> 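Have a look at the structure that comes next, please.
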Amino acid sequence: MRIIFVKFREVSQKYPIVRGMASYAIIWPTGSLIQQKLIGHDELNYLQALRFSLYGGFFVAPTLYCWLRCSSYFWPKSDLKSAITKALVEQVTYSPAAMCCFFFGINLLEMKPVAECAEEVKRKFWPTYKVEYIYI
């Protein structure tokens, strides 16, 4: 067992995106299961958690990794001004795209038709985006 952890550590140090993918493949389904429990579901939907794992690990982690790399390239300083700039640019670029992809992607993983996935984005995007600005 120890050799697996050592090998994972070596790979994740060489390729940091792998660490992010593994983390998100665990964090996203865990969040889904906790949400189901808090809502009061009698039985947990493990298939939904699997979809969240796939989406978090294979889509969110790589896109977020790329966004962070790009933003660090454009704003390489680690000062307050750069941090605020990165946060504001993220709010108007990455965040809306990520929301659209989430609504579309999760529905696609549920094997819904593309037209229904697009309709889900149209229906949920603006209300969700408005709520996001409350928490900025």
Side-chain angles (χ1 to χ4, degrees):
M1 188 70 164
R2 178 176 157 77
I3 192 117
I4 293 171
F5 288 120
V6 170
K7 194 65 172 168
F8 178 76
R9 190 169 134 193
E10 289 173 9
V11 170
S12 69
Q13 285 177 342
K14 187 173 181 181
Y15 306 103
I17 194 169
V18 172
R19 183 177 51 242
M21 291 174 74
S23 298
Y24 277 62
I26 294 168
I27 292 168
W28 276 62
T30 303
S32 173
L33 293 171
I34 290 170
Q35 178 192 27
Q36 291 176 41
K37 202 68 172 162
L38 289 174
I39 290 173
H41 289 206
D42 292 330
E43 290 188 31
L44 296 177
N45 185 341
Y46 292 103
L47 188 55
Q48 178 179 328
L50 174 62
R51 287 191 292 268
F52 273 71
S53 179
L54 293 171
Y55 185 80
F58 291 106
F59 184 79
V60 175
T63 59
L64 189 55
Y65 177 80
C66 289
W67 161 252
L68 292 173
R69 292 288 305 258
C70 289
S71 69
S72 293
Y73 175 78
F74 290 118
W75 300 280
K77 294 181 182 177
S78 295
D79 59 359
L80 182 61
K81 183 180 176 185
S82 293
I84 290 171
T85 303
K86 286 180 189 181
L88 292 174
V89 171
E90 185 271 338
Q91 288 298 310
V92 296
T93 59
Y94 180 80
S95 183
M99 268 190 270
C100 289
C101 291
F102 172 76
F103 292 133
F104 192 88
I106 288 295
N107 282 281
L108 201 59
L109 287 171
E110 291 175 354
M111 305 301 229
K112 293 181 181 176
V114 171
E116 194 174 326
C117 297
E119 188 58 39
E120 184 85 358
V121 172
K122 288 178 188 174
R123 191 166 45 84
K124 290 185 175 180
F125 175 77
W126 283 113
T128 306
Y129 196 56
K130 289 175 192 173
V131 168
E132 176 183 338
Y133 275 98
I134 292 171
Y135 294 102
I136 292 179

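Note that the coordinates shown come from a computational prediction; the quantities given were computed from them, not determined experimentally.
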> Determine yes or no for a side-chain-to-main-chain donor-acceptor pair under 3.5 angstrom, with Gln36 supplying the side chain and Asn45 the backbone.
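Flag set: sc Gln36 to bb Asn45 pair under 3.5 Å.
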> For Phe104, does the CZ atom sit with more than 12 other heavy atoms under 6.0 Å from it, leaving out its own atoms?
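Result for CZ/Phe104: enclosed.
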> If hydrophobic clusters are built by linking Ile, Leu, Val, Met, Phe, Trp and Tyr wherever their side-chain heavy atoms come under 4.5 Å apart, do Tyr73 and Tyr94 end up in the same one?
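Looking at the clustering, Tyr94 is in the same group as Tyr73.
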> Using the rule that two of Ile, Leu, Val, Met, Phe, Trp, Tyr join whenever any of their side-chain heavy atoms come within less than 4.5 Å, decide whether Val114 and Leu54 are in one cluster.
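No, because Val114 and Leu54 fall into different hydrophobic clusters, even though each may have its own neighbours under 4.5 Å.
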> Test your reading of the model: is there a side-chain donor-acceptor pair from Ser12 to the backbone of Arg9, 3.5 Å cut-off?
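Yes, because the side chain of Ser12 sits within donor-acceptor range (under 3.5 Å) of the backbone of Arg9.
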> Drop me the distance from Met21's CE to Ser53's OG, to the nearest 0.5 angstrom.
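So the CE of Met21 and the OG of Ser53 are separated by 10.0 Å.
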> Whether the side chain of Thr85 engages the backbone of Lys81 through a donor-acceptor N/O pair (distance < 3.5 Å, no angle test) should be reported.
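Flag set: sc Thr85 to bb Lys81 pair under 3.5 Å.
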> Walk me through it: do Phe74 and Val89 pass the test side chain to side chain contact (heavy atoms under 4.5 Å, CB included)?
CA-CA 11 Å; Phe74 290 118; Val89 171; over 6 Å; no
> Check whether any side-chain heavy atom of Lys86 sits under 4.5 Å from a side-chain heavy atom of Ser72, and report yes or no.
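Yes. Closest side-chain heavy atoms under 4.5 Å.
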> Measure the spacing between CD of Glu120 and CZ of Phe102 and express it to the nearest 0.5 Å.
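These two atoms lie 9.5 Å from each other.
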> Fit a plane to each ring of Trp28 and Phe52, take the angle between them on a 0 to 90° scale, and name the class: parallel (under 30°), tilted (30 to 60°) or perpendicular (over 60°).
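Judged by the thresholds at 30° and 60°, the geometry between Trp28 and Phe52 is tilted.
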> Are Phe5 and Ile26 joined in one hydrophobic group, where the rule is that I, L, V, M, F, W and Y side chains link up if heavy atoms are under 4.5 Å apart?
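No; tracing contacts between hydrophobic side chains, which count when under 4.5 Å, never links both residues.
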> Between Trp126 and Tyr129, how do the two ring planes meet: parallel, tilted or perpendicular, split at 30° and 60°?
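If you compare the ring of Trp126 with that of Tyr129, the planes turn out perpendicular.
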> Heavy-atom count check: over 12 atoms from other residues, nucleotides or ligands less than 6.0 Å from Phe58 CZ?
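Not more than 12 within 6.0 Å, no.
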> Check the side chains of Thr128 and Glu132 for a donor-acceptor pair under 3.5 angstrom, ignoring hydrogens and angles.
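Judged by distance alone, the side chains do not pair up.
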> Atom CG in Leu80, atom CD1 in Ile84: separation rounded to 0.5 Å?
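Going from CG on Leu80 over to CD1 on Ile84, the span is 4.0 Å.
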> Ignoring hydrogens and geometry, is there a side-chain-to-backbone donor-acceptor pair from Tyr55 to Val60 under 3.5 Å?
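Flag not set: sc Tyr55 to bb Val60 has no pair under 3.5 Å.
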> Nearest 0.5 Å, what's the CG-OG distance between Leu50 and Ser32?
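Atom-to-atom, Leu50:CG and Ser32:OG are 10.0 Å apart.
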> Quick check on Tyr15: does its OH atom have over 12 non-hydrogen neighbours (other residues, nucleotides or ligands) under 6.0 Å away?
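Incorrect, the count does not exceed 12.
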> Quick one: pull up CD in Glu110 and CD in Glu116 and give me the separation to the nearest 0.5 Å.
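Going from CD on Glu110 over to CD on Glu116, the span is 9.0 Å.
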> Linking I/L/V/M/F/W/Y whenever their side-chain heavy atoms sit closer than 4.5 Å, directly or via other members, would Phe59 and Trp67 fall into one cluster?
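Yes; tracing contacts between hydrophobic side chains, which count when under 4.5 Å, links both residues.
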> Any heavy-atom pair between the side chains of Leu33 and Tyr46 that's under 4.5 Å?
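Tyr46 vs Leu33: side chains touch.
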> Indicate if Tyr65 and Val18 have the same hydrophobic cluster label, given that clusters are the connected sets of ILVMFWY residues with side-chain heavy-atom separations under 4.5 angstrom.
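Yes; tracing contacts between hydrophobic side chains, which count when under 4.5 Å, links both residues.
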> Does atom CZ of Arg123 have more than 12 heavy-atom neighbours from other groups under 6.0 Å away?
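Yes, enclosed.
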> Which atoms form the tightest heavy-atom contact between Pro29 and Ala49, and what is the distance?
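Shortest heavy-atom contact: CB-O, 3.1 Å.
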> Atom CD1 of residue position Ile3 - does it have more than 12 heavy atoms of other residues, nucleotides or ligands inside 6.0 Å?
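Open: at most 12 neighbouring heavy atoms sit under 6.0 Å from CD1 of Ile3.
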> For the backbone of Leu68 and the side chain of Ser71, can you confirm whether one donor and one acceptor N or O come within less than 3.5 Å of each other?
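Such a contact is found between Ser71 side chain and Leu68 backbone.
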> To the nearest 0.5 Å, what is the distance between CE (Met111) and CG (Leu109)?
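With rounding to 0.5 Å, CE (Met111) is 8.5 Å from CG (Leu109).
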> Identify, with sequence neighbours excluded, every residue that meets salt bridge (charged side-chain N to carboxylate O under 4.0 Å, His left out) alongside Glu119.
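Residues passing salt bridge (charged side-chain N to carboxylate O under 4.0 Å, His left out) with Glu119: none at all.
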> Report yes if some heavy atom in the side chain of Tyr24 is under 4.5 Å from a heavy atom in the side chain of Leu64; otherwise report no.
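They are in side-chain contact.
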> Taking only residues two or more places apart in sequence, or in another chain, which ones meet Lys7 in a salt bridge (charged side-chain N to carboxylate O under 4.0 Å, His left out)?
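If we apply the salt bridge (charged side-chain N to carboxylate O under 4.0 Å, His left out) test to Lys7, skipping adjacent residues, the hits are Glu10.
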